[in-house]
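Reviewing the structure listed below.
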Amino acid sequence: MKFSNYFIPTLKEAPSEAEIASHKLLLRAAMIRKEAAGVYSFLPLGKRVLAKVEQIVREEMDRIGSQEILLSILQPSSLWEKSGRWQAYGPEMMRLSDRSDREFALGPTHEEMITELVRNNVRSYRDLPFTLYQIGTKFRDEIRPRFGLMRGREFIMKDAYSFHADTDSLNKTYKDMSGAYGKIVERCGLKYRHVEADSGLIGGEVSEEFMVLASSGEDMIIFCGACGYAANIEQAKEGDNCPRCSGSTETTRGIEIGHIFQLGTKYSEAMGATYIDKGGKSLPIVMGCYGIGVTRLMAAAVEQNNDEKGIIWPRNLSPFVVSIIQLDMESKELTKMADKVYELLSKAGIETIYDDRQERPGVKFADSDLIGFPYQVVIGKKAASQGKVELKTRANQKVELVNLDELIKHIS
RNA sequence: CGGGAUGUAGCGCAGCUUGGUCAGCGCGCAGCGUUCGGGACGCUGAGGUCGGCGGUUCGAAUCCGCCCAUCCCGACCA
């Protein structure tokens, strides 16, 4: 991919409306643009990052046997009246009417819809258990949208729902999910903690949050160095000692990017989603639900990985792994070498963007640093005269001279 | 929704107190020239309903009122 052909309108200065690092940098690095408060569009680079996150989520969901679906965003009010949440959800739900004055919500979540789907299609214990997930846009008319992607009114979420005949089965899936969530955050290259949590309005008995550690996080996490216990500050109360082993605790800040719940039968009872058990008895289906804020995860990754120059993408999330910086576009030899390097990397399956713009070196360095590609391959006459290129690692700005035939090895 | 603040060119800002060459500056953008290893320099040029509506006044970016938008702090949430 050539930089000159790509739509990457980077900004030298951050728009004044942006306050925190991820918001400023995602704007400056041409990843996102604001459309309204809490509503953002994704530009090509941002879309690539999103796709990376989604793919990791997808693979880990599939790995534990969860099946991908796509529920409609437009949801008829009748479903919400059934669960009682048409009233209860309040102004946070975006509502609209069609031409015949039928009312709809732009889905803030999909418990009602999925429960209805399952209610209509599951009869027997033999049909259970199973887990469904989707990755899609949610709408919540937040009281106060904030910090760019961190708290939007339109955002992308992965939501999964599991259906069981009994709580043992739910427990197993819940555990699988917890494991999958850990893997997802790890594969995204982020430091995190999972904590006991309050299940809030969604309801249910057990719940756990996944927090990406970042000093700008909205949530305080309290954790015990001794036994590993960790909890949201509200859960842990004000105590200085671990409620489990009474060791001393520390606090840190985090961004909640995932939350998993054991719902039990709250929605299935409200909506009449039942199955027939072995004895022929009709029972409410036992449910779990599991969310990941995909767009928020993207912002959290930037919060955790940036410096004065810009973003430092974890490799697995970066829109491209390598940017080739050709320092003198007038030079035929250097261009030839850059073409060669591009081909080499592409053939090796390394996503590469080639900065072929007619710009001064400083501009190219600055943009690459800002956007945050993990590696820069700098092609200049000094190294080229020895048949080498410079490999710069974004995270520490370290540069090493490498031969072309060793380049792949250094990046892999 | 309560508290605070902002809205002037694509982005960052000055001008407002003391109405009248106040429509400006930096960056970016276009053209030409010189440059070319960390966001170059010179010249030329394009670009603005001063958030909107109404009012005061001979005259409003500037004063007054209402509205809208955006941001920050608080109560809710992935």
Side-chain angles (χ1 to χ4, degrees), chain A residues 9-20 23-24 27-28 30 33-39 53 57 88-93 107-110 135-160 181 184-185 197-202 207-212 217-219 232 234 254-261 289-300 308-310 325-331 334 357-370 376 378-384 389-390 392 397 399:
Chain A
T10 56
L11 268 23
K12 262 191 177 177
E13 291 172 293
S16 56
E17 67 197 25
E19 195 80 5
I20 63 168
H23 193 192
K24 284 182 182 162
L27 248 11
R28 286 190 56 208
R33 286 293 182 266
K34 185 182 72 174
E35 304 301 347
V39 180
V53 177
V57 169
Y89 222 98
E92 204 167 304
M93 189 150 60
T109 179
H110 281 77
I135 298 171
T137 303
K138 297 280 187 277
F139 294 85
R140 290 182 192 173
D141 198 355
E142 290 282 344
I143 296 169
R144 183 150 96 88
R146 242 195 292 208
F147 300 143
L149 253 36
M150 208 61 89
R151 177 182 305 289
R153 294 190 297 165
E154 175 179 328
F155 60 97
I156 297 173
M157 176 170 159
K158 185 283 306 183
D159 47 328
Y181 272 42
I184 288 165
V185 190
D198 206 349
S199 38
L201 273 189
I202 299 196
S207 110
E208 209 174 295
E209 291 171 346
F210 287 75
M211 318 284 276
V212 166
E218 291 185 77
D219 298 279
N232 199 308
E234 301 121 44
I255 299 163
E256 181 190 349
I257 56 90
H259 202 158
I260 61 179
F261 299 88
C289 80
Y290 319 89
I292 289 181
V294 173
T295 37
R296 180 181 284 182
L297 175 49
M298 177 171 165
E308 332 70 54
K309 289 172 185 291
I325 298 180
Q326 211 280 53
L327 291 181
D328 180 6
M329 294 308 293
E330 302 297 305
S331 159
L334 292 189
R357 292 176 299 169
Q358 300 284 347
E359 289 287 356
R360 297 166 65 87
V363 173
K364 297 188 179 186
F365 286 130
D367 273 341
S368 258
D369 287 345
L370 172 63
Q376 293 169 23
V378 181
I379 300 185
K381 56 176 181 291
K382 289 176 206 160
V389 296
E390 291 167 41
K392 190 181 95 182
Q397 301 286 105
V399 178

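Below, all heavy atoms of this structure are taken into account, side chains as well, without hydrogens, waters or symmetry copies. Lettering follows sequence order; numbering is per chain, from 1. The model shown is predicted, which means the values in this text are computed figures rather than measured ones.
B:rG20 and B:rA60: their C1' atoms are spaced 10 Å apart (whole Å). If you take atom P in B:rG55 and the same atom in B:rC73, they sit 39 Å apart, rounded to whole Å. Taking atom C1' on both nucleotides, B:rC50 is separated from B:rC13 by 14 Å, rounded to a whole Å. Comparing the C1' positions of B:rA61 and B:rU21 gives an interatomic distance of 15 Å, to the nearest angstrom. Look at the C1' atom in both B:rC22 and B:rG48: the space between them is 13 Å, to the nearest Å. Of the P atoms belonging to B:rA14 and B:rG26, the separation is 15 Å, rounded to the nearest Å. Here the separation of B:rC63 from B:rC16, taken at their P atoms, is 9 Å to the nearest Å. Rounded to whole Å, the C1' atom of B:rG45 lies 38 Å from the corresponding atom of B:rG54.
The partner of B:rC76, taking Watson-Crick or G-U wobble pairs whose two distances both stay under 3.5 Å, does not exist in any strand shown. Base pairing annotation: B:rU70 forms a Watson-Crick or G-U wobble pair with B:rA5, both donor-acceptor distances under 3.5 Å. Of all nucleotides present, none satisfies the Watson-Crick or G-U wobble test against B:rU17 with each distance under 3.5 Å. The nucleotide B:rC11 finds its pairing partner in B:rG26, both defining distances of the Watson-Crick or G-U wobble pair being shorter than 3.5 Å. The partner of B:rC63, taking Watson-Crick or G-U wobble pairs whose two distances both stay under 3.5 Å, is B:rG55. Applying the Watson-Crick and G-U wobble criteria (two distances, each under 3.5 Å), B:rG33 pairs with B:rC41. Look at B:rA46: it lacks any Watson-Crick or wobble partner with both distances under 3.5 angstrom.
Between A:Met150 and A:Leu370, the one whose closest nucleotide on RNA chain B sits nearer the 5' end is A:Leu370.
In this structure, the side chain of A:Arg28 engages the main chain of A:Leu11 through a donor-acceptor pair within 3.5 Å. Within the 3.5 Å criterion, the main-chain N or O of A:Val39 finds no donor-acceptor partner in the side chain of A:Arg153. A donor-acceptor pair is defined here as one N or O able to donate and one able to accept, closer than 3.5 Å; such a pair exists between the side chain of A:Tyr181 and the backbone of A:Gly291.
For the pair A:Lys138/A:Glu154, no side-chain contact is recorded, criterion being any heavy-atom separation below 4.5 Å from C-beta on.
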Is there a side chain to side chain contact (heavy atoms under 4.5 Å, CB included) between A:Asp219 and A:Ile255 once you walk through the steps?
-> CA-CA 6 Å; A:Asp219 298 279; A:Ile255 299 163; 5.9 Å; no
Can you check side chain to side chain contact (heavy atoms under 4.5 Å, CB included) on A:Ile325 and A:Phe365, steps first, answer last?
-> CA-CA 8 Å; A:Ile325 298 180; A:Phe365 286 130; 3.8 Å; yes
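Counting non-hydrogen atoms under 4.0 angstrom, A:Gly258 reaches the backbone sugars and phosphates but no base. At a threshold of 4.0 angstrom between heavy atoms, the contacts of A:Lys158 with the nucleic acid are absent. Counting non-hydrogen atoms under 4.0 angstrom, A:Gly362 reaches the backbone sugars and phosphates but no base. Among the atoms of the strands shown, none is found under 4.0 Å from any heavy atom of A:Gln326. Among the protein residues, A:Asp159 comes within range of no part of the nucleic acid, since none of its heavy atoms lies under 4.0 Å from any strand. At a threshold of 4.0 angstrom between heavy atoms, the contacts of A:Leu327 include nucleobase atoms, whether or not backbone atoms are also involved. Heavy atoms of A:Glu142 sit under 4.0 angstrom from at least one base atom.
No hydrogens or angles were tested; on distance alone, nothing pairs the side chain of A:Asp328 with the base of B:rG37 as donor and acceptor under 3.5 Å. Applying the 3.5 Å distance criterion, the base of B:rC77 shares a donor-acceptor pair with the side chain of A:Arg151. With hydrogens and angles ignored, no donor-acceptor pair closer than 3.5 Å exists between the side chain of A:Arg28 and the base of B:rG10.
The NE2 atom of A:His259 sits 6 Å away from the P atom of B:rA78 (whole-angstrom rounding). Between the CD atom of A:Glu209 and the C1' atom of B:rC76 there is a distance of 13 Å, rounded to whole Å. Summarising the geometry, the separation between CD on A:Glu208 and P on B:rA78 is reported as 14 Å, rounded to the nearest angstrom. For the pair A:Glu218 CD and B:rC77 C1', the computed distance is 9 Å after rounding to whole Å. Rounded to whole angstrom, the span from the CZ atom of A:Arg140 across to the C1' atom of B:rA75 amounts to 17 Å. Atom CG in A:Leu297 sits roughly 21 Å away from atom P in B:rC77 (whole-Å rounding).
Of the listed nucleotides (B:rU35, B:rG38, B:rA78), B:rU35 has the atom at the smallest distance from the side chain of A:Arg360. Comparing B:rC76, B:rG37, B:rC36 by their closest approach to the side chain of A:Ile143 singles out B:rC76.
Nearest approach of A:Val294 to A:Val53, heavy atoms of both residues: CG1-CG1, 3.8 Å. Closest non-hydrogen pair, A:Gln358 versus A:Glu330, comes out as OE1-OE2, 3.6 Å. When every heavy atom of A:Thr295 is checked against every heavy atom of A:Ile156, the shortest pair comes out as OG1-N, 3.1 Å.
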Protein-nucleotides 68-71 of chain B N/O pairs closer than 3.5 Å?
{"unit_1": "B:rU70", "atom_1": "OP1", "unit_2": "A:Ala37", "atom_2": "N", "d": "2.9"}
{"unit_1": "B:rU70", "atom_1": "O3'", "unit_2": "A:Lys34", "atom_2": "NZ", "d": "3.2"}

Polar atoms only, N or O, under 3.5 Å: list the protein pairs with nucleotides 27-29 of chain B and their distances.
{"unit_1": "B:rC27", "atom_1": "O3'", "unit_2": "A:Lys12", "atom_2": "NZ", "d": "3.3"}
{"unit_1": "B:rG28", "atom_1": "OP1", "unit_2": "A:Lys12", "atom_2": "NZ", "d": "3.4"}

Heteroatom pairs (N/O) under 3.5 angstrom, protein to nucleotides 42-44 of chain B:
none

Provide a list of protein-nucleic acid N or O atom pairs under 3.5 angstrom, restricted to nucleotides 3-6 of chain B.
none

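Applying side chain to side chain contact (heavy atoms under 4.5 Å, CB included) to A:Arg151 and the options A:Glu218, A:Arg140, A:Arg144 leaves one that passes, A:Glu218.
With respect to A:Lys34 and A:Glu17, a salt bridge is recorded, a charged nitrogen being found less than 4.0 Å from a carboxylate O. The pair A:Lys382-A:Glu390 does not count as a salt bridge, with every side-chain nitrogen at least 4.0 angstrom from each carboxylate oxygen.
Listed by chain and number, the residues in a side chain to side chain contact (heavy atoms under 4.5 Å, CB included) with A:Lys392 are A:Asp369, A:Gln376, A:Gln397, A:Val399 (sequence neighbours excluded). Residues satisfying the ring-ring contact (aromatic ring centres under 6.0 Å, His included) criterion with A:Phe139, sequence neighbours excluded, are absent altogether.
Atom CD1 in A:Ile379 sits 12.0 Å away from atom CG in A:Asp328 (nearest 0.5 Å). Taking CD of A:Glu256 as the reference point, atom CZ of A:Phe210 lies at 11.0 Å (rounded to 0.5 Å). Rounded to the nearest 0.5 Å, atoms CD (A:Glu359) and CG (A:Asp367) are 8.0 Å apart.
By the stacking rule of 5.5 Å between ring centres and under 30° between planes, A:Phe365 does not stack on the base of B:rG39.
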